[in-house]
Engineer: 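For reference, the structure I am asking about is given below.
Here is the naming used below: chain letters follow the sequence lines, and residue numbers restart at 1 for every chain. Computed from a predicted model, the values in this text were never measured in an experiment.
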Amino acid sequence: MSDKDNFFKRVLEVAQLVPYGKVTTYGNIAAYLGSKGSARMVGWAMNQSHHSKTPVPAHRVVNRNGMLTGKHHFGSPNLMQELLENEGFIIEHNQIVNFKENLWDPEKMSSE
DNA sequence: GGTGTGACCAGCT
DNA sequence: AAGCTGGCCACAC
(Lines give C-alpha, C1' and ligand atoms only; values in the text may rest on other atoms or scores of the structure.)
Protein backbone atom coordinates (compact mmCIF):
# COMPACT_ATOMS: atom_id res chain seq x y z
CA MET A 1 0.00 0.00 0.00
CA SER A 2 1.17 3.46 -0.62
CA ASP A 3 2.13 5.26 2.52
CA LYS A 4 1.36 8.63 1.03
CA ASP A 5 -2.28 7.68 0.65
CA ASN A 6 -2.73 7.21 4.38
CA PHE A 7 -4.58 10.42 5.09
CA PHE A 8 -6.03 11.06 1.66
CA LYS A 9 -7.36 7.58 1.19
CA ARG A 10 -8.53 7.40 4.77
CA VAL A 11 -10.83 10.34 4.21
CA LEU A 12 -12.29 8.73 1.12
CA GLU A 13 -12.84 5.50 3.01
CA VAL A 14 -14.73 7.21 5.79
CA ALA A 15 -16.79 9.09 3.23
CA GLN A 16 -17.65 5.79 1.60
CA LEU A 17 -18.61 4.40 4.97
CA VAL A 18 -21.39 6.93 5.34
CA PRO A 19 -24.68 4.99 5.09
CA TYR A 20 -27.58 5.97 2.87
CA GLY A 21 -29.70 8.75 4.28
CA LYS A 22 -26.91 9.91 6.56
CA VAL A 23 -24.37 12.71 6.45
CA THR A 24 -21.13 13.54 8.19
CA THR A 25 -18.96 16.59 8.61
CA TYR A 26 -15.40 17.44 7.65
CA GLY A 27 -14.49 18.07 11.26
CA ASN A 28 -15.83 14.72 12.37
CA ILE A 29 -13.86 12.87 9.74
CA ALA A 30 -10.74 14.84 10.54
CA ALA A 31 -11.20 14.18 14.24
CA TYR A 32 -11.76 10.52 13.50
CA LEU A 33 -8.48 10.41 11.66
CA GLY A 34 -6.83 11.96 14.68
CA SER A 35 -6.25 15.35 13.15
CA LYS A 36 -9.05 17.56 14.26
CA GLY A 37 -7.33 20.63 12.88
CA SER A 38 -6.95 19.14 9.43
CA ALA A 39 -10.58 19.55 8.49
CA ARG A 40 -9.35 21.47 5.47
CA MET A 41 -7.46 18.42 4.35
CA VAL A 42 -10.71 16.47 4.38
CA GLY A 43 -12.24 18.93 1.99
CA TRP A 44 -9.13 18.73 -0.13
CA ALA A 45 -9.43 14.95 -0.30
CA MET A 46 -13.02 15.37 -1.39
CA ASN A 47 -11.82 17.56 -4.20
CA GLN A 48 -9.54 14.79 -5.32
CA SER A 49 -12.29 12.26 -4.69
CA HIS A 50 -13.31 12.88 -8.26
CA HIS A 51 -9.91 11.65 -9.22
CA SER A 52 -10.31 8.60 -7.05
CA LYS A 53 -11.14 5.36 -8.73
CA THR A 54 -13.67 4.52 -6.04
CA PRO A 55 -17.05 6.31 -5.98
CA VAL A 56 -17.11 8.69 -3.05
CA PRO A 57 -20.48 10.02 -1.84
CA ALA A 58 -19.04 13.45 -1.22
CA HIS A 59 -22.56 14.86 -1.17
CA ARG A 60 -22.98 13.17 2.20
CA VAL A 61 -20.11 15.21 3.55
CA VAL A 62 -20.93 18.74 4.61
CA ASN A 63 -19.47 21.37 6.89
CA ARG A 64 -20.14 21.75 10.59
CA ASN A 65 -23.21 23.88 9.90
CA GLY A 66 -24.71 21.26 7.62
CA MET A 67 -24.24 23.63 4.74
CA LEU A 68 -23.49 22.36 1.25
CA THR A 69 -20.27 24.27 0.98
CA GLY A 70 -18.78 22.05 -1.71
CA LYS A 71 -21.82 21.80 -3.93
CA HIS A 72 -19.94 23.80 -6.50
CA HIS A 73 -17.49 20.97 -6.97
CA PHE A 74 -19.95 18.33 -8.04
CA GLY A 75 -19.99 19.43 -11.62
CA SER A 76 -23.37 20.97 -11.06
CA PRO A 77 -24.08 23.28 -8.11
CA ASN A 78 -27.53 21.81 -7.67
CA LEU A 79 -26.40 18.22 -8.04
CA MET A 80 -25.38 17.87 -4.41
CA GLN A 81 -28.71 19.16 -3.18
CA GLU A 82 -30.57 16.87 -5.55
CA LEU A 83 -28.67 13.86 -4.31
CA LEU A 84 -29.31 14.73 -0.69
CA GLU A 85 -32.98 15.39 -1.29
CA ASN A 86 -33.10 12.09 -3.11
CA GLU A 87 -31.94 10.42 0.08
CA GLY A 88 -34.69 12.05 2.09
CA PHE A 89 -32.87 15.16 3.24
CA ILE A 90 -34.45 18.55 3.41
CA ILE A 91 -32.25 21.26 1.97
CA GLU A 92 -33.02 24.89 2.51
CA HIS A 93 -30.73 27.71 1.46
CA ASN A 94 -28.00 25.18 0.69
CA GLN A 95 -28.31 23.94 4.23
CA ILE A 96 -29.60 20.62 5.50
CA VAL A 97 -32.59 21.21 7.75
CA ASN A 98 -32.65 17.72 9.24
CA PHE A 99 -28.87 17.58 9.05
CA LYS A 100 -28.41 17.08 12.76
CA GLU A 101 -31.09 14.42 12.84
CA ASN A 102 -29.33 12.41 10.17
CA LEU A 103 -25.83 13.23 11.26
CA TRP A 104 -23.60 10.18 11.21
CA ASP A 105 -20.33 9.97 13.12
CA PRO A 106 -17.51 7.60 12.08
CA GLU A 107 -16.48 7.25 15.70
CA LYS A 108 -19.95 6.10 16.51
CA MET A 109 -19.31 2.92 14.56
CA SER A 110 -16.34 2.06 16.75
CA SER A 111 -15.72 -0.85 14.43
CA GLU A 112 -12.04 -0.38 14.10
C1' DG B 1 12.70 22.91 -2.47
C1' DG B 2 9.83 27.03 -1.02
C1' DT B 3 5.31 29.35 -1.50
C1' DG B 4 0.38 29.22 -2.04
C1' DT B 5 -3.92 27.36 -1.77
C1' DG B 6 -7.80 24.40 -0.36
C1' DA B 7 -15.30 21.69 -0.33
C1' DC B 8 -12.79 23.88 7.30
C1' DC B 9 -12.95 25.05 12.38
C1' DA B 10 -12.25 27.69 16.39
C1' DG B 11 -10.60 31.46 18.74
C1' DC B 12 -9.54 36.32 19.04
C1' DT B 13 -10.50 41.45 18.17
C1' DA C 1 -22.54 40.71 17.73
C1' DA C 2 -19.82 39.92 13.61
C1' DG C 3 -15.53 39.79 10.93
C1' DC C 4 -11.01 38.11 10.43
C1' DT C 5 -6.84 35.65 11.21
C1' DG C 6 -4.34 31.58 12.44
C1' DG C 7 -3.73 26.64 12.23
C1' DC C 8 -3.85 22.10 10.43
C1' DC C 9 -1.77 18.67 6.47
C1' DA C 10 -1.18 17.56 1.72
C1' DC C 11 -0.65 18.67 -3.18
C1' DA C 12 0.54 21.83 -7.39
C1' DC C 13 3.60 25.24 -9.60
Engineer: Nearest-Å distance, CD (A/Gln48) to P (B/dT5)?
Structural biologist: 17 Å
Engineer: Between B/dA7 atom P and A/Leu79 atom CG, what is the distance in whole Å?
Structural biologist: 17 Å
Engineer: Would you check if A/Glu13 and A/Arg10 make a side-chain contact, meaning some heavy-atom pair closer than 4.5 Å?
Structural biologist: yes
Engineer: For the pair A/Arg60 and A/Glu87, find out whether any cationic side-chain nitrogen is under 4.0 Å from an anionic carboxylate oxygen.
Structural biologist: yes
Engineer: Which heavy atom in A/Val62 sits nearest to a heavy atom in A/Ile96, and how many Å separate them?
Structural biologist: CG1-CD1, 3.9 Å
Engineer: Side chain of A/Trp44 only, please: which of B/dA7, B/dG6, C/dA10 is the nearest?
Structural biologist: B/dG6
Engineer: Where the side chain of A/Arg64 is concerned, which of B/dC9, B/dG6, B/dA7 is the nearest nucleotide?
Structural biologist: B/dC9
Engineer: Quickly work out the A/Leu84 CG to B/dA7 P distance and round it to whole Å.
Structural biologist: 18 Å
Engineer: Write down the distance between CZ (A/Phe8) and C1' (B/dG6), rounded to a whole number of angstrom.
Structural biologist: 13 Å
Engineer: If I take atom NZ in residue A/Lys9 and atom P in nucleotide C/dC11, what distance separates them, rounded to the nearest angstrom?
Structural biologist: 14 Å
Engineer: In whole Å, I'd like the distance from the CE atom of A/Met80 to the P atom of B/dA7.
Structural biologist: 13 Å
Engineer: Please figure out whether A/Asn65 or A/Met41 has its closest DNA chain B nucleotide nearer the 5' end.
Structural biologist: A/Met41
Engineer: So, do A/Leu84 and A/Leu68 sit near enough that their side-chain heavy atoms are less than 4.5 Å apart?
Structural biologist: yes
Engineer: Please report, rounded to the nearest Å, how far the P atom of B/dA10 is from the OH atom of A/Tyr26.
Structural biologist: 14 Å
Engineer: Rounded to whole Å, please give me the gap between CG in A/Leu33 and C1' in B/dC8.
Structural biologist: 14 Å
Engineer: Checking all strands, does A/Asn63 fall into the base, sugar-phosphate, or nothing category for heavy-atom contacts under 4.0 angstrom?
Structural biologist: sugar-phosphate
Engineer: C/dA1 and B/dC8: how far apart are their C1' atoms, nearest whole angstrom?
Structural biologist: 22 Å
Engineer: Can you tell me how far P in C/dC8 sits from the matching atom in B/dG1, rounded to whole Å?
Structural biologist: 23 Å
Engineer: Looking at C/dC8, does its base get a donor-acceptor pair with the side chain of A/Arg40 below 3.5 Å?
Structural biologist: yes
Engineer: Under 3.5 Å, is there a donor on one side chain and an acceptor on the other for A/Lys71 and A/Asn78?
Structural biologist: no
Engineer: Over all strands shown, is A/Ala45 touching base, sugar-phosphate only, or nothing at heavy-atom distances under 4.0 angstrom?
Structural biologist: nothing
Engineer: Closest approach to the side chain of A/Met46, judged atom by atom: which nucleotide of B/dA7, B/dC9, C/dC9 is it?
Structural biologist: B/dA7
Engineer: So which nucleotide from B/dG6, B/dC9, B/dA7 ends up closest to the side chain of A/Phe74?
Structural biologist: B/dA7
Engineer: State whether A/Thr25 places a side-chain N or O below 4.0 Å from either non-bridging phosphate oxygen (OP1 or OP2) of B/dC8.
Structural biologist: no
